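For reference, the structure is listed below as structure tokens.
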Amino acid sequence: MKKLVILTGAGMSAESGVSTFRDAGGLWEKHRIEDVATPEGFRNNPELVLRFYNERRKQLMIVKPNEGHLDLAELEKNFDVQIITQNVDNLHEQAGSSHVLHLHGELMKSRSTGTGKEIYDVQPGKIEINVGDKCPKGYQLRPHIVWFGEAVPEFENAIKIAEQADIFVIIGTSMQVYPAAGLINYVSARVPIYLIDPNEVAVYNKNVIVIKKGASEGVKELMKQILK
Ligand code: APR
């Protein structure tokens, strides 16, 4: 089976009701990145940071995968589908996708601030992480999120996947955050790259085929083209 590698960003989940970051009204208009998405922000005001992610986790409890997520799962019938997502929600998994690599962490996981290596599932019955919530070794728990200024441990794995792509697809990302946006540079020169986004996204690569549509409609158009 051909390997279909898909890089997704916040726009993938927009039609499920999850806010994007950089669109008008997006999360970074309402919150300062430095305050809620950096290790310094967490050191200065852990309550604020934990509350920010608690709210996002609560929102995740009430949203559902959209047609786009569902169709990507459906494509596993015809392709070896590998999803690389910048999203911290679990809507690809809820839709039934089998291979999802989270570059920027996962909302439904917590991590020990001790070694930073112990990762725990957040239980649906207790979805808040609060100051004073500790791991079994006694360290404060933090969201399992890659903050600005932190390493992206899954990037090496993402490169290996991107290098093997027979078709590469980019959905709903402004391609402004590195190293994620740099993955396109690891895609082999002969490989077609589809870009699904309702807005202009600056991607300089001669193989790009733009589908200027939202995720759900755009994935349907993609299916028409690649299932021909
Ligand atoms: N369908 C597809 N794309 C959409 C839709 C939609 N319905 N609505 C908006 N978009 C597009 C926007 O046009 C934009 O290009 O989604 C993109 C969202 O871009 P960003 O808000 O910058 O999100 P993303 O690229 O995922 O951000 C990358 O930045 O803050 C960090 O860690 C966070 O993972 C995130 C990273």
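Read the numbers this way: they start at 1 and go in the same order the structure lists the ligands and their atoms. All figures in this text were calculated on a predicted structure; none of them were measured in a lab.
- Taking both residues in full, the closest heavy atoms of Ala162 and Phe168 are given as CB-CE1, 4.2 Å, listed atom of the first, atom of the second, then distance.
- Within the 4.0 Å heavy-atom shell around ligand 1 one does not find Gln176.
- None of Lys109, Lys137, Arg111 except one satisfies the salt bridge (Lys or Arg N to Asp or Glu O under 4.0 Å) rule with Glu118; the exception is Lys137.
- Distances from atom 20 (P) of ligand 1 to the heavy atoms of Ala14, Gly11, Ser174 put Ser174 nearest.
- Atoms of ligand 1 lying under 4.0 Å from at least one heavy atom of Glu15, given by number and element, are 1 (N), 6 (C), 7 (N).
- Contact annotation: the side chain of His99 never approaches that of Ile161 to less than 4.5 Å [non-hydrogen atoms, C-beta and beyond].
- Nearest to atom 11 (C) of ligand 1 among the protein's heavy atoms is Asp197 OD2, 3.2 Å.
- Any N or O atom pair closer than 3.5 Å counts here, and Phe21 shares at least one such pair with ligand 1.
- No hydrogens or angles considered: a donor-acceptor pair under 3.5 Å links the side chains of Arg57 and Asn54.
- Considering both main-chain and side-chain atoms, Ile196 never comes within under 3.5 Å of ligand 1 through any nitrogen or oxygen pair.
- Nearest to atom 16 (O) of ligand 1 by heavy-atom distance, out of Gly218, Gly172, Ala202, is Gly172.
- With hydrogens left out, the protein atom closest to atom 9 (C) of ligand 1 is Asp23 OD2, 3.4 Å, a heavy atom.
- Annotation for Phe155: atom CZ counts as buried by contact number, over 12 foreign heavy atoms lying within 6.0 Å.
- Under a 4.0 angstrom heavy-atom cut-off, Gly26 registers as lying outside contact with ligand 1.
- Shortest contact from atom 23 (O) of ligand 1 to any protein heavy atom: Ala10 CB, 3.5 Å.
- When hydrogens are left out, the protein atom nearest atom 1 (N) of ligand 1 is Ala215 N, 2.9 Å; that is the closest non-hydrogen contact.
- Heavy-atom proximity to Val177, at under 4.0 Å, picks out these atoms of ligand 1: 28 (C), 29 (O), 36 (C).
- Regarding atom 27 (O) of ligand 1, its nearest protein heavy-atom neighbour is Arg22 NH1, 3.1 Å.
- In terms of N/O distances under 3.5 Å, ligand 1 is approached by Trp28.
- Counting heavy atoms of neighbouring residues, nucleotides and ligands inside a 6.0 Å radius, atom CD of Glu47 exceeds 12 of them.
- Residue Thr173 has at least one nitrogen or oxygen atom sitting less than 3.5 Å from a nitrogen or oxygen atom of ligand 1, judged on distance alone.
- Side-chain contact check for Arg142 versus Ile129: every heavy-atom pair is 4.5 Å or farther apart.
- Residue Asn199 approaches ligand 1 through these ligand atoms, each under 4.0 Å from one of its heavy atoms: 12 (C), 13 (O).
- We find that Lys213 and Glu67 are not joined by a salt bridge, their nearest charged nitrogen and carboxylate oxygen being 4.0 Å or further apart.
- Residue Gln86 holds the heavy atom nearest to atom 28 (C) of ligand 1 of all those in His104, Gln86, Met12, Lys212.
- Considering backbone and side-chain atoms alike, Gly214 places every N or O at 3.5 Å or more from each N or O of ligand 1.
- Side chains of Glu55 and Gln59: no donor on one and acceptor on the other come within 3.5 Å.
- Side-chain atoms of Gln82 and Asp80 form a donor-acceptor pair, as typed in the model, at a separation below 3.5 Å.
- Between Val122 and His144, every side-chain heavy-atom pair lies at or beyond the 4.5 Å cut-off.
- In the vicinity of Phe148, heavy-atom distances shorter than 4.0 Å reach the ligand 1 atoms 30 (O), 31 (C).
- For the pair Glu15 (side chain) and Ala215 (backbone), a donor-acceptor distance under 3.5 Å is present.
- The contact set between ligand 1 and Gly9, taken as ligand atoms under 4.0 Å from a residue heavy atom, comprises 26 (O).
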